[in-house]
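In what follows, chains are A, B, ... by sequence order, proteins preceding strands, each numbered from 1.
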Amino acid sequence: MSSVIKPKHQRLVLVLAAIAALIAAALLAAWALRNQASYFYLPAEMVSKPPAADRAVRLGGMVEAGSLKTAPDGVTITFTVSDGTAKVPATFTGITPDLFKEGSGVVAEGHRSSDGVFVADNLLAKHDEKYVPREMRQMSTGEAHQKVEAAK
Amino acid sequence: MHGFANPARFLRLARPITAPLLLIGGALTLAVLAWGLVSAPAEQLQGETVRILFIHVPAAWLGMGGWSVIALASLSELVWRHPLAGIAARAAALPGAFFSLLCLVTGSLWGRPAWGAWWVWDGRLTSMLVLFFLYCAYIALADAAERSGQGNTRIAAIFGLVGAVNIPIIHYSVIWWNSLHQPPSIGLSALSGNSPMAPEFLYGLLAATLGFSLLFGGVVLARMRTILADQQTEARLRRRAMDYADA
């Protein structure tokens, strides 16, 4: 018999076929999850396909520079969440995390009110992938622009 | 690879390098962590909390690396029937589970000051938690196979291979999906000197990873030797019991 396959090679082919099928299945699952597994809506998605008002959702993007304002009561803030293409006004009452500031990332948990303003119940600060020592802060004004560009 | 198939030959090699791995790895890890705690610079936005980076990131990598070891060992057990492969996979499971848990715990401690939340169900955190559960399941499965006495570890090997699907998911979770966790700071850009992570953090992180990896290797070798010694003891006791039965 010339077509004898060594058991070792048979097992290898079997295992490789199983792995290929598994990876295909995982990719399909990940692709199907591409929207559901996202942690938040971007402003562009919030504007183009707005979720029902009063449905609990998350909105993520950059706090637009110059948009952060504190109301006279001192604990209510309003700001604009932007992703470079769309902007969503948002409001929040409470204590903000340390990293929450203009020009940096934010994930707001809450709902869209009927007038289009996002009412946040909770704010999460989103850090980016940059790690810069404090001493280099002065040097990084150019990087700050870069960061806003990269976030778009 | 089959040159190491003989446990005696493997032991001759493993015995002298276990202790140096543990000692050098321990010393390097302690030195880097002490540097990270005391001398590393504070980060411009996060301030002092960034120091946990030197534990959190190596723990995450080794948690994923541990399962890669399990997957490769499972492959060589299933295909080539390598006699030490199953032992290597079992030996890597416990330190892998430990590092995954360390990653989850330090990440949680870091998340509170940086994000404002101990835990969020975003893609990265969830897939890492799944990895920890996979480790627990693998350990239970491999122990059950061992205890049944038949030494049929094939089910554990198949599970080890299937679970490897989670590793790329962990890596790409911050790229495919919007997540609260930031995208990777370390990639090919580090080679071109264009890293988003400043060199102080980058080199400290790489040194910490080397130290933790040496420790990981030392623990895996020590555990492999323990499992081999257990099996020898078991076999010897069984032989003796049979001798008594014959007498």
Side-chain angles (χ1 to χ4, degrees), chain A residues 7-16 18-19 22-23 25-27 29-31 33-42 45 58 60-61 95-101 104-107 109 122-140 143-144 146-147 150, chain B residues 40-50 53 71 74-76 78-81 110-117 120-127 157-158 161-162 164-166 168-169 172-174 176-187 189 195-202 205:
Chain A
K8 192 158 64 171
H9 294 148
Q10 198 177 354
R11 290 196 297 264
L12 182 61
V13 169
L14 265 174
V15 167
L16 288 182
I19 291 176
L22 207 65
I23 290 173
L27 279 178
W31 187 69
L33 274 171
R34 72 198 181 286
N35 290 328
Q36 281 78 3
S38 279
Y39 191 64
F40 51 77
Y41 283 85
L42 288 166
E45 296 159 350
R58 299 191 193 89
I95 300 168
T96 60
D98 291 349
L99 289 185
F100 176 81
K101 50 189 67 160
S104 71
V106 68
V107 175
E109 299 180 320
N122 191 24
L123 289 185
L124 299 167
K126 184 163 156 51
H127 185 253
D128 63 11
E129 70 273 28
K130 292 198 178 64
Y131 289 84
V132 180
R134 201 169 260 170
E135 291 72 28
M136 286 167 63
R137 193 188 287 181
Q138 272 73 29
M139 297 161 58
S140 63
E143 277 187 15
Q146 229 179 317
K147 184 159 83 178
Chain B
E43 211 261 344
Q44 57 166 356
L45 295 172
Q46 304 195 37
E48 306 293 335
T49 50
V50 77
L53 172 90
S74 299
L75 181 70
S76 91
L78 286 174
V79 174
W80 294 281
R81 300 273 191 267
W110 196 0
R112 183 64 188 81
W115 299 336
V120 293
W121 291 102
D122 86 343
R124 174 54 71 83
L125 278 70
T126 308
S127 54
I158 291 171
L161 218 46
V162 171
V165 163
N166 191 37
I169 293 180
Y172 286 105
S173 58
V174 290
W176 288 340
W177 306 313
N178 299 332
S179 63
L180 186 61
H181 193 285
Q182 66 274 17
S185 302
I186 293 173
S189 61
S195 171
M197 186 178 272
E200 291 93 326
F201 298 120
L202 183 63
L205 180 54

Quick one: [atom1] on [X] to [atom2] on [Y], what's the gap to the nearest 0.5 Å?
X     : Y      : atom1 : atom2 : value
B:L53 : B:L202 : CG    : CG    : 9.5 Å
A:F40 : B:D122 : CZ    : CG    : 8.5 Å
A:Y39 : B:L125 : OH    : CG    : 8.5 Å

Taking A:L27, A:N122, A:L12, A:L123 one by one, which has the highest count of heavy-atom pairs under 4.5 Å against chain B?
->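 Winner by heavy-atom pair count: A:L12.
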Where does the angle between the aromatic ring planes of B:W115 and B:H181 fall among parallel (under 30°), tilted (30 to 60°) and perpendicular (over 60°)?
->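 Rings of B:W115 and B:H181: perpendicular, over 60°.
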For chain A, which of [options] has the most heavy-atom pairs under 4.5 Å?
options                       : answer
B:I169, B:V174, B:V162        : B:V162
B:W177, B:W121, B:F201        : B:W177
B:A40, B:G123, B:P183, B:S173 : B:P183
B:V50, B:V165, B:V79          : B:V79

Heavy-atom distances under 4.5 Å only: say whether A:I19 touches chain B with side chain, backbone, both or neither.
->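 Contact with chain B is through the side chain of A:I19 alone.
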In terms of heavy-atom proximity below 4.5 Å to chain B, should A:E109 be classed as side chain, backbone, both, or neither?
->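 Neither; nothing under 4.5 Å.
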Would you name the heavy atoms of B:W80 and B:L75 that are closest together and state the gap between them?
->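 In this case the closest contact between B:W80 and B:L75 is CE3-O, 4.1 Å.
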Closest approach of B:P196 and A:E129, non-hydrogen atoms and distance?
->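 In terms of heavy atoms, the two residues are closest at CB-O, 3.7 Å.
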Side chain, backbone, both or neither of B:V120 within contact of chain A (heavy atoms, under 4.5 Å) =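 Both parts, heavy atoms under 4.5 Å.
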Contacting region of B:P168 [heavy-atom separation from chain A under 4.5 Å] =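 Looking at B:P168, nothing touches chain A.
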Quickly, which of B:Q46, B:Q182, B:Q44 forms a side chain to side chain donor-acceptor pair (under 3.5 Å) with A:Y131? Name it, please.
->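 Filter result, single survivor: B:Q182.
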